[in-house]
There are 2 protein chains.
Amino acid sequence: MKKIFIADDHPIFRKGLIEIISAEPGFEVVGECGDGITALKYIAEKKPDIALLDIQMPKMNGFDVLKKINELNLPTKVVFLTMHSEEDIFEKAMELGAKAYLLKESVTDDIVQCINNVLQGKFYVSGSISNYLFTLNNKLKTGNEKSGLQKLTSTETKILKLIAEKKSSREIADILYISVRTVENHRNNICTKLDLHGANALLPFALENKHLLV
Amino acid sequence: MKKIFIADDHPIFRKGLIEIISAEPGFEVVGECGDGITALKYIAEKKPDIALLDIQMPKMNGFDVLKKINELNLPTKVVFLTMHSEEDIFEKAMELGAKAYLLKESVTDDIVQCINNVLQGKFYVSGSISNYLFTLNNKLKTGNEKSGLQKLTSTETKILKLIAEKKSSREIADILYISVRTVENHRNNICTKLDLHGANALLPFALENKHLLV
DNA sequence: TGCACCCTAAGTATTCCTACTCATAACAAT
DNA sequence: ATTGTTATGAGTAGGAATACTTAGGGTGCA
């Protein structure tokens, strides 16, 4: 009997998941919770075979839970279950060593199949992002380019985060105790690295990607 | 036995909902689907007592389903079940005559209680937006102010939509065959009506609220 | 030591947007 | 017929961001 733990901040969604997994012979849902810290605590203690984690959770997000799991060398395999079909989030999940990446729009069969794959040591990825996987493979084969955000330095990331908080260059300068000109230079470098052009490009990008900024 | 229909594009979430409602004596889930058109078709034919509708759905969103239900004078009472806790969406739902507004983060008890209330002809609103209800009540009592977006004229809305598409004033002018100055005037009026100030205010607002723009 | 990279800063020019005021024509409401 | 609203456009001013270039100081690496 394989032990499965579920963490998601939507009780109804959790209920549905539990229902699906419990119905499958060989699977047992050994626990559930709605936030990252409780999830980590449970996983560290009880060491389930698989943890189904939402990425967006209160207190501690799924990424950070996985990081901790890695640090503590826990045997639990992590399956991300998320609404985000964006490439960067998927990429980050893979970097951190997730065993699977499921979209919440998945049908019930996908989930069972996913868990079976992961238990066999395989990876599993939701069909909807397979398009992206194709391009990713191409990238890996051809030139191994880094994707956007990873090209940014730490200062640039810091500034991009402040931009995502709708701060002006002036405000950012005051917060970081540096010159406005320096901030403008960083903005410029960020735009260049991300291939962003025009006055209406950087701010929307920052807003759309703020959840990716470490 | 009260007949309940469920429409939500997330199969797992639907599963959870069905589980919760079926477990309650007196409730019967008579159907489910994952898009608005199928939902409307079912509701028009079978006339369930209550329809639990997601707002974001493929093919036809929850708002439009409710509009059609109103047009066709169907007896089915609509409960919105959504992730959006924003005031404007809530307001729009109420305008259209929704009987309840539940957030997807609701716990299972809330849902049962909600359905019971609606069956008794009462309204029900998720606790998390009760804060807003308070201010809404105050508004209704004091001056009956319109909220934000409703104050915009149709041209202003059109322009705000284009701003949300990251178009510059120059581009908007070219699209609408009007002068840049006119566009800038409209931007200005929008900012005034929405009480937005500074260079980093209008664009983020447009992005955050584009789903509200008719 | 030298090279590469980063953070810092400033110069210059251009574009974009905000924040006002003013004006005219179209249209609806009373 | 007057008033109000809307859409259109322009004038002026200034703030903000982009798009370049140049340059000193620091760190780390080969």
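Chain letters run A, B, ... following the sequence lines, proteins first, then strands; residues in each count from 1.
- Across all strands, A:His197 comes closer than 4.0 Å only to sugar-phosphate atoms, never to a base (heavy-atom distances).
- Listed pair B:Ser179 / D:dT8 fails the phosphate criterion, with no side-chain N or O lying under 4.0 Å from OP1 or OP2.
- Nearest nucleotide to the side chain of B:Glu184, out of C:dC17, D:dT6, D:dA19: C:dC17.
- Taking 4.0 Å as the cut-off between side-chain N and carboxylate O, B:Arg181 and B:Glu184 count as a salt-bridged pair.
- Among the heavy atoms of the strands lying under 4.0 Å from A:Thr182 is at least one base atom, whether or not backbone atoms are also near.
- Across all strands, A:Leu203 comes closer than 4.0 Å to no nucleic acid atom at all (heavy-atom distances).
- Residue contacts shown for B:Ser154 are limited to sugar-phosphate atoms, with no base heavy atom under 4.0 Å away.
- Residue A:Ile190 is out of contact with every strand shown, counting any heavy-atom pair closer than 4.0 Å.
- Summary of the strand contacts: B:Ala199 and B:Glu156 both lie near DNA chain D, and taking for each the nucleotide with the nearest heavy atom, the more 5' one is attributed to B:Glu156.
- Remark: the B:Arg181 side chain and the C:dT18 base include no donor-acceptor N/O pair separated by less than 3.5 Å.
- The side chain of B:His186 has D:dT8 as its nearest neighbour among D:dA17, D:dT8, C:dA9.
- A donor-acceptor contact under 3.5 angstrom links the side-chain atoms of A:Asn185 to the base of C:dA10.
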